Amino acid sequence: MTRGIALLGLAYVLSQFFRAFLAVLSPALRADIGAGPEDLAFASGLWFFAFAAMQLPVGWALDTIGPRRTAASLLLVGGGGGAAIFALATAPVHIDIAMVLIGIGCAPVLMAAYYIFAREYPPARFVVLASVMVGVGTCGNLVASYPMAIAAETIGWRASLWGLCAIASLTALGIWAVVRDPATPEGEARGSLLAVFKIKALWFIFPIMAVSYAQVGALRGLWIGPYLEDVFTADSHQIGLATLLMGAAMVAGTFAYGPMDRMIGSTKWVVIGGTALNLAALCGLSLYPSGSLLLATVLMAAIGFFGATYAIIISHGRSFLPPHLIGRGMTMLNLCSIGGVGVAQFLSGRAYSASQPALTLHAPYVVIFTLFTGLMAAGLFVYLFSRDTTH
């Protein structure tokens, strides 16, 4: 099973890569097929929409046919097929179709690994395993920056996509061959999504799940670039370094939260402490938006580090799920997280537009940082009333 988990980890690296690689291809795609920034933003949104829409079917599939067939078949058809369509694209609409397919292909890989962790390992180990998986996968964000740009310049973006098609397809075939589905105890009850919603403890976790990754994903995926450029006149090299540091901080934070949960012995209070520090960094951006490029970069990195609570929050939710609801329950939590990014992007875009014309260069970004602070504070307030899990 170790080889199977390693292959699922590689698939999750691809998932993280595909949600962040469009930015570095934008000049080439504009020149070759006329895909402008708005086209690519729409295509990126379609990836998140497809990924989120697949979570409930994936939850059913994990509980019904198991993680091996679910992850392998969707990654092969969606990930491999979508990358092939991308490589053949001659118009922006082809990019849209490709990103929808890739989003579908990436949708089950992390949840398949979590399903196996939840079925075959004790709850106390789940948070560490979940954090390691996310930490390894988040490296895909780093690969989607400078390495992808170098590959596109060296062999071309089409050849790069054919290479990604091959990697995704081979990974899917490897998952089919190596991963083994956890045993299902005879006579185990059959679950439903309604049964998940009847677990009251989860209702205090859904809100923090929806906002914790939302502001990190929105800042790293979109706003850090325009903010540094508009307020500090940062060039592409400085923006690239800042995004790289924030991405590295996200990886480090993910690896830090797992052991911290074991040391402190309370999942809830680790999340509360990390979220409070995340809020402090957001407040710093709101109060000192034009302080210096160095300060802004450090605060963004702090948000990336302290905001890497995804795995530990989903671990908290998993502790309330009976075995027959693990697939549906964890994918519902994941739907909250991915859906939260989409909502945050929509709200922040509207907030930016509403703040125009701005009196100062930093004023629109203060509005965005304040919005994220408010959403995070609301999610944390509800979470304060959640039931704790101790080790």
Side-chain angles (χ1 to χ4, degrees), residues 1-19 21 47 50-51 54-88 98-121 125-126 128-140 143-144 147 151 159-186 188 311 318 323-324 326-328 330-331 334:
M1 184 58 77
T2 302
R3 291 181 299 165
I5 295 299
L7 284 169
L8 288 171
L10 175 58
Y12 187 55
V13 170
L14 289 171
S15 175
Q16 288 283 345
F17 174 90
F18 279 125
R19 72 186 65 180
F21 81 120
W47 187 97
F51 190 104
M54 283 299 296
Q55 290 308 300
L56 298 184
V58 164
W60 172 87
L62 290 174
D63 284 330
T64 305
I65 66 175
R68 179 178 70 93
R69 284 176 289 179
T70 301
S73 57
L74 288 178
L75 182 60
L76 179 63
V77 176
I85 291 175
F86 200 121
L88 296 169
M99 292 302 286
V100 168
L101 283 173
I102 294 172
I104 292 171
C106 293
V109 292
L110 179 63
M111 292 300 101
Y114 279 12
Y115 183 91
I116 293 171
F117 294 158
R119 283 281 190 173
E120 298 203 338
Y121 296 92
R125 292 190 62 190
F126 180 90
V128 176
L129 293 169
S131 297
V132 169
M133 180 63 73
V134 173
V136 170
T138 305
C139 293
V143 180
S160 299
L161 263 297
W162 281 119
L164 289 165
C165 171
I167 293 172
S169 300
L170 290 173
T171 302
L173 293 174
I175 290 171
W176 185 279
V178 173
V179 171
R180 296 291 177 264
D181 293 327
T184 301
E186 188 175 346
E188 182 176 273
R318 176 261 173 271
H324 65 287
I326 286 173
R328 288 173 173 84
M330 289 197 301
T331 51
N334 197 37

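Remember, predicted model here, so these are calculated numbers, not experimental data.
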If you measure from [atom1] on [X] to [atom2] on [Y], what distance do you get to the nearest 0.5 Å?
X      : Y      : atom1 : atom2 : value
Ile5   : Ile116 : CD1   : CD1   : 4.0 Å
Thr171 : Leu7   : OG1   : CG    : 6.5 Å
Cys106 : Gln16  : SG    : CD    : 9.5 Å

Verify side chain to side chain contact (heavy atoms under 4.5 Å, CB included) between Leu161 and Leu164, making sure each step is shown before the conclusion. CA-CA 5 Å; Leu161 263 297; Leu164 289 165; 4.1 Å; yes

Heavy-atom pair with the smallest gap, counting every atom of [X] and [Y]:
X      : Y      : value
Pro67  : Ala112 : CB-CB, 3.7 Å
Ala107 : Met54  : CB-CB, 3.6 Å
Gly80  : Cys165 : O-SG, 3.2 Å

Hey, is the main chain of Trp176 close enough, under 3.5 Å, to the side chain of Arg68 for a donor-acceptor pair?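 Pair found, side chain donor or acceptor close to backbone of Trp176.
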
Main chain of Pro323, side chain of Arg119: is a donor-acceptor contact present, judged purely on distance under 3.5 Å?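 Pair found, side chain donor or acceptor close to backbone of Pro323.
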
Counterpart residues, side-chain contact (heavy atoms from CB on, under 4.5 Å), relative to [X] (two or more places apart):
X      : answer
Ala113 : Leu8, Phe117, Met133
Ala61  : Ile65, Thr70
Leu56  : Leu193, Met332, Leu335
Thr331 : Gln55, Val58, Leu62, Met111

Within the structure provided, determine whether [X] and [Y] are in side-chain contact (heavy-atom separation under 4.5 Å).
X      : Y      : value
Ser15  : Trp47  : yes
Leu14  : Val109 : no
Arg318 : Tyr114 : no
Trp162 : Leu88  : yes
Phe51  : Asn334 : yes

Knowing that exactly one of Ile175, Leu75, Leu74 qualifies, which makes a side chain to side chain contact (heavy atoms under 4.5 Å, CB included) with Pro108?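 One option only clears the test, and that one is Leu74.
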
Is the ring centre of Phe86 less than 6.0 Å from the ring centre of Phe21?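 Under 6.0 Å, so yes.
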
Run the ring-ring contact (aromatic ring centres under 6.0 Å, His included) test against Tyr12 and tell me which residues pass, sequence neighbours left out.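 Tyr12 satisfies ring-ring contact (aromatic ring centres under 6.0 Å, His included) with no other residue.
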
